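Just below is one structure, and these are the notes that go with it.
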Amino acid sequence: MDKNNFYITTTLPYVNASPHIGFAMEIIRADVVARYKRYLGYNVFFNTGTDEHGQKLFEASKSENISCQEYVDRNFLSFLNLVQALNISSDTFIRTTEDRHVKAAQEIWKRCETNGYIYKKNYEMRYCVGCESEKQNSELDENGRCQEHPNRELEIREEENYFFSFSKLQEKLLEFYKENPSFVIPDFRFNEIKNFVKKGLQDFSISRLKSKMEWGIPVPEDKEHVMYVWFDALTNYISTLDWPKETDSNFEKFWIQDKNNKREVVQYCGKDNLRYQAATWQAILMAANIPNSTNIIIDGFIISGGQKMSKSLGNVISPYDVIKTYKPVTDFPEEVLRFVLTHEVANFEDSDITEDTIKNAYITFLQNGIGNQVSRIMKLSNGYLGNEDIEEVLGKVSEISFAKEYEDFLNSFKLNEAIHFVTNLQKKLDEYIQETAPFKLLKSEIETERENGKKILKNCLKELLVISYHLNFFMPKTSEKIFELVKNNQMPGKPLFGRI
């Protein structure tokens with residue numbers, strides 16, 4: 001029987017600023033899901049990359065007096081390097097300036113236009129450069145500014161643009177939502193987008209005059225216009241699969257449903273992307289006669305000190321800085337961040353993360369938790385158990401399986417609950433050790449007590465392997481190290497998570 005195919009993608013961040021832990025959270029969460037699906041036997045394709053067009057990048061390159069291409073070629077590297085720095089198992093990294101993406105964006109434009117969903121007109125709009133999008137009254141604050149970028153004046157633009165006939169697809173979108181009741185996760189975000197569509201959709205501009213903003217993909221058959229960045233960028237989800245090649249391609253394998261296997265197309269994004277991913281992108285797919293996504297997973301924001309992360313406020317946390325901070329005390333500094341951004345951040349709500357939050361979680365759950373537990377158990381094992389005892393423990397590895405509760409959490413993208421399940425296993429093992437006191441029994445002068453101590457210790461080793469097994473998708477290097485220590489009956493050369 002053919003394996004099921006699973007496609008997962010993050011959004012593509014703009015390269016006008018260095019990556020912060022908000023994007024690190026998104027890419028880590030997608031990685032956890034991808035690793036889990038591979039374990040289950042799925043064929044997995046995991047996409048991430050960078051969004052490299054639009055006015056923000058155009059303005060930034062001008063301010064540095066360099067070309068847009070030079071600017072994005074330099075800045076995308078910090079995102080590409082983050083993939084390796086966080087041990088992300090992605091299968092590809094797409095840039096929206098690549099030829100394959102440019103060709104795909106132009107092709108999807110042509111199909112939408114051929115099918116009657118693109119037209120040209122003059123109009124006036126209020127435009128937020130920060131969001132790279134037009135703003136309606138409902139999206140403005142009491143001062144008439146964008147709620148997401150209240151420090152920026154909205155621009156009033158009047159020009160001839162191409163438009164996408166969003167309004168034509170309102171009923172089709174609502175019918176799609178009805179037929180796919182778990183399309184957006186969580187439910188309250190799904191209700192938001194359904195209500196947004198029910199209120200009525202407005203056609204939106206999908207081009208910019210090249211004379212005013214030249215940095216974008218050329219509109220097919222019109223040299224005076226470039227594509228609006230959102231229309232261009234959203235196409236990455238299929239251009240990365242080699243679309244428009246539709247046969248003998250990753251697009252056919254991972255996006256097209258067939259009779260022999262079930263495909264899943266999952267997109268991770270923040271709540272500020274809800275409208276674009278769950279409505280705009282789905283409408284573009286419909287207009288081009290391309291199948292829709294399967295699920296859109298909406299994360300909350302990471303805030304810091306009660307405020308949204310912002311360079312101007314000085315509360316942005318760099319994933320590279322976190323790795324640098326913990327590198328002296330652990331061989332797996334990236335796994336500190338992998339742990340914190342799943343364990344300390346709610347599944348779908350906003351969460352407040354500061355450097356103190358990271359430090360406290362490290363001390364509580366890694367240094368004094370799993371790290372200390374591994375050292376204690378392996379010290380006893382190395383001192384009191386022999387090769388036959390270890391072989392006996394390893395012989396029971398085949399009996400280890402995931403708890404159903406843990407699998408249910410992962411299957412519903414509740415990664416926070418899944419990693420909490422693991423730290424609860426560690427806590428229960430600590431309680432078991434305190435209750436049974438093998439460290440006392442093993443030193444007893446009574447043989448039966450010593451034997452009982454060995455039996456308890458072997459149970460501890462098995463439970464340590466259970467923890468390692470459940471930790472694998474979140475902290476793969478830590479998981480592998482624990483298994484290696486048990487297999488070789490060794491104490492760690494240094495604590496897995498030393499004192500900070």
Side-chain angles (χ1 to χ4, degrees), residues 1-6 8 28-44 46 87 89 185 261-262 264 266 295 297 332 335 338-339 342-343 347 365-366 369-371 373-374 376-378 381 385 388-433 435-436 438 454-490 496:
M1 182 178 176
D2 291 338
K3 294 180 181 178
N4 288 344
N5 295 331
F6 184 85
I8 187 165
I28 287 167
R29 288 183 169 190
D31 183 64
V32 170
V33 175
R35 289 174 183 271
Y36 173 60
K37 291 293 185 177
R38 289 192 193 100
Y39 171 84
L40 294 179
Y42 284 71
N43 291 313
V44 173
F46 176 11
N87 191 22
S89 62
I185 298 173
N261 58 38
K262 182 179 182 295
E264 294 180 58
V266 174
N295 288 113
I297 315 301
F332 317 126
E335 300 211 336
R338 290 180 67 99
F339 175 81
T342 48
H343 193 275
N347 292 312
F365 297 103
L366 300 182
I370 188 69
Q373 186 175 78
V374 169
R376 288 178 66 195
I377 292 174
M378 293 317 302
S381 179
L385 298 183
E388 290 185 2
D389 298 309
I390 298 302
E391 288 176 8
E392 180 185 338
V393 172
L394 294 174
K396 296 180 180 179
V397 168
S398 60
E399 300 173 11
I400 298 174
S401 60
F402 290 128
K404 184 180 183 303
E405 184 181 4
Y406 173 82
E407 287 189 319
D408 288 344
F409 289 143
L410 287 177
N411 288 331
S412 56
F413 304 97
K414 294 179 179 177
L415 307 190
N416 180 256
E417 277 95 332
I419 189 65
H420 273 267
F421 182 88
V422 183
T423 51
N424 284 335
L425 288 178
Q426 184 271 320
K427 182 181 178 182
K428 288 177 183 177
L429 180 52
D430 262 352
E431 292 170 351
Y432 174 71
I433 292 171
E435 290 170 4
T436 57
K454 289 177 69 174
K455 181 180 178 181
I456 292 169
L457 182 54
K458 284 186 280 188
N459 286 339
C460 291
L461 285 174
K462 183 182 176 183
E463 290 307 308
L464 198 58
L465 290 176
V466 170
I467 292 168
S468 167
Y469 189 62
H470 284 76
L471 202 59
N472 182 48
F473 313 123
F474 295 88
M475 303 172 71
K477 290 182 180 178
T478 301
S479 173
E480 184 179 357
K481 183 64 177 179
I482 293 171
F483 182 81
E484 179 187 309
L485 291 171
V486 174
K487 180 181 178 182
N488 296 320
N489 197 20
Q490 290 179 334
L496 293 185

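Fair warning: this is a prediction, and the values are worked out from it, not measured in the lab.
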Query - Side-chain heavy atoms of L425 within contact of L471, under 4.5 Å - result: no
Report summary line: Residues passing the ring pair (Phe, Tyr, Trp, His ring centres under 6.0 Å) test with F483, sequence neighbours excluded, are none
Query raised in the report: Is there side-chain contact between R338 and P476, with at least one heavy-atom pair below 4.5 Å?
Result: yes
Requested in this report: Apply side-chain contact (heavy atoms from CB on, under 4.5 Å) to E399 and K462, showing your working.
Outcome: CA-CA 10 Å; E399 300 173 11; K462 183 182 176 183; 3.2 Å; yes
Query raised in the report: Relative to the ring of H420, is the ring of H343 parallel (under 30°), tilted (30 to 60°) or perpendicular (over 60°)?
Result: parallel
Report task. Begin with the C-alpha distance, continue with both residues' side-chain angles, and end with the deciding distance and a verdict on side chain to side chain donor-acceptor pair (under 3.5 Å) for E463 and N459. Result -> CA-CA 6 Å; E463 290 307 308; N459 286 339; over 6 Å; no
Report task. Apply side-chain contact (heavy atoms from CB on, under 4.5 Å) to the pair L461 and L385, showing each step before the final yes or no. Result -> CA-CA 11 Å; L461 285 174; L385 298 183; 3.5 Å; yes
**Report entry** Side-chain heavy atoms of N472 within contact of Y39, under 4.5 Å
**Finding:** no
**Report entry** Approximate separation, where rounding is to 0.5 Å, of Y42 OH and K37 NZ
**Finding:** 4.0 Å
Requested in this report: With the side chain counted from C-beta on, respond yes when N347 and I185 share a heavy-atom pair under 4.5 Å apart, and no when they do not.
Outcome: no
Query raised in the report: Do N489 and M378 come close enough that some side-chain heavy atom pair is under 4.5 Å?
Result: yes
Query raised in the report: Does any donor atom in the side chain of N4 or E264 lie under 3.5 Å from an acceptor atom in the other side chain?
Result: no
**Report entry** Student check: side-chain heavy atoms of L394 and I390 closer than 4.5 Å
**Finding:** yes
**Report entry** Distance, nearest 0.5 Å, that separates CD1 of I370 from CD1 of I467
**Finding:** 5.0 Å
Query raised in the report: Out of L40, L415, I419, which one pairs with L410 under the side chain to side chain contact (heavy atoms under 4.5 Å, CB included) rule?
Result: L415
Query raised in the report: Does the side chain of F332 reach to within under 4.5 Å of the side chain of K481, using non-hydrogen atoms?
Result: yes
Query raised in the report: Do any N or O atoms from the side chain of Q373 and from the backbone of Q426 form a donor-acceptor pair under 3.5 angstrom?
Result: yes
Query raised in the report: Just by modelled atom types, is the I433 backbone N or O under 3.5 Å from a matching donor or acceptor in the R376 side chain?
Result: no
Query raised in the report: Does CD belonging to E388 count more than 12 external heavy atoms closer than 6.0 Å?
Result: no
Query raised in the report: Mind checking whether D31 and N87 have side chains closer than 4.5 Å, heavy atoms only?
Result: no
Query raised in the report: Are more than 12 heavy atoms from other residues, nucleotides or ligands located less than 6.0 Å from atom CD of E480?
Result: no
Query raised in the report: When you measure from the side chain of S479 to the backbone N and O of S468, does any donor-acceptor pair fall under 3.5 Å?
Result: yes
Query - F339 and F474 aromatic centres sub-6.0 Å - result: no
Requested in this report: Might you point out which heavy atoms bring E405 and F421 nearest each other, and give the distance in Å?
Outcome: OE1-CE1, 3.4 Å
Query raised in the report: Any donor and acceptor pair, going by atom type alone, linking the side chain of N295 with main-chain N or O of V266 inside 3.5 Å?
Result: no
Requested in this report: For residues F402 and H470, report the shortest heavy-atom separation together with the two atoms involved.
Outcome: CA-NE2, 3.5 Å
Query - Sequence-distant partners of F6, ring pair (Phe, Tyr, Trp, His ring centres under 6.0 Å), two or more places apart - result: none
Requested in this report: Could you tell me the separation between the CG atom of D389 and the CG atom of L457, rounded to the nearest 0.5 Å?
Outcome: 8.5 Å
Query raised in the report: Does the separation of the ring centres of Y406 and Y469 fall below 6.0 angstrom?
Result: no
**Report entry** Donor-acceptor under 3.5 Å (S381 side chain, I377 main chain)
**Finding:** no
Report summary line: Only one of V466, V486, L465 passes side chain to side chain contact (heavy atoms under 4.5 Å, CB included) with V397, and that residue is L465
Query raised in the report: In Å, rounded to the nearest 0.5 Å, how long is the span from CG of L496 to CG of L485?
Result: 6.5 Å
Query - Point-to-point distance, once rounded to the nearest 0.5 Å, from NZ of K455 to CD of E392 - result: 10.0 Å
Query raised in the report: Could you give all pairs that pass the salt bridge (charged side-chain N to carboxylate O under 4.0 Å, His left out) test and reach residues 410-429, with sequence neighbours left out?
Result: none
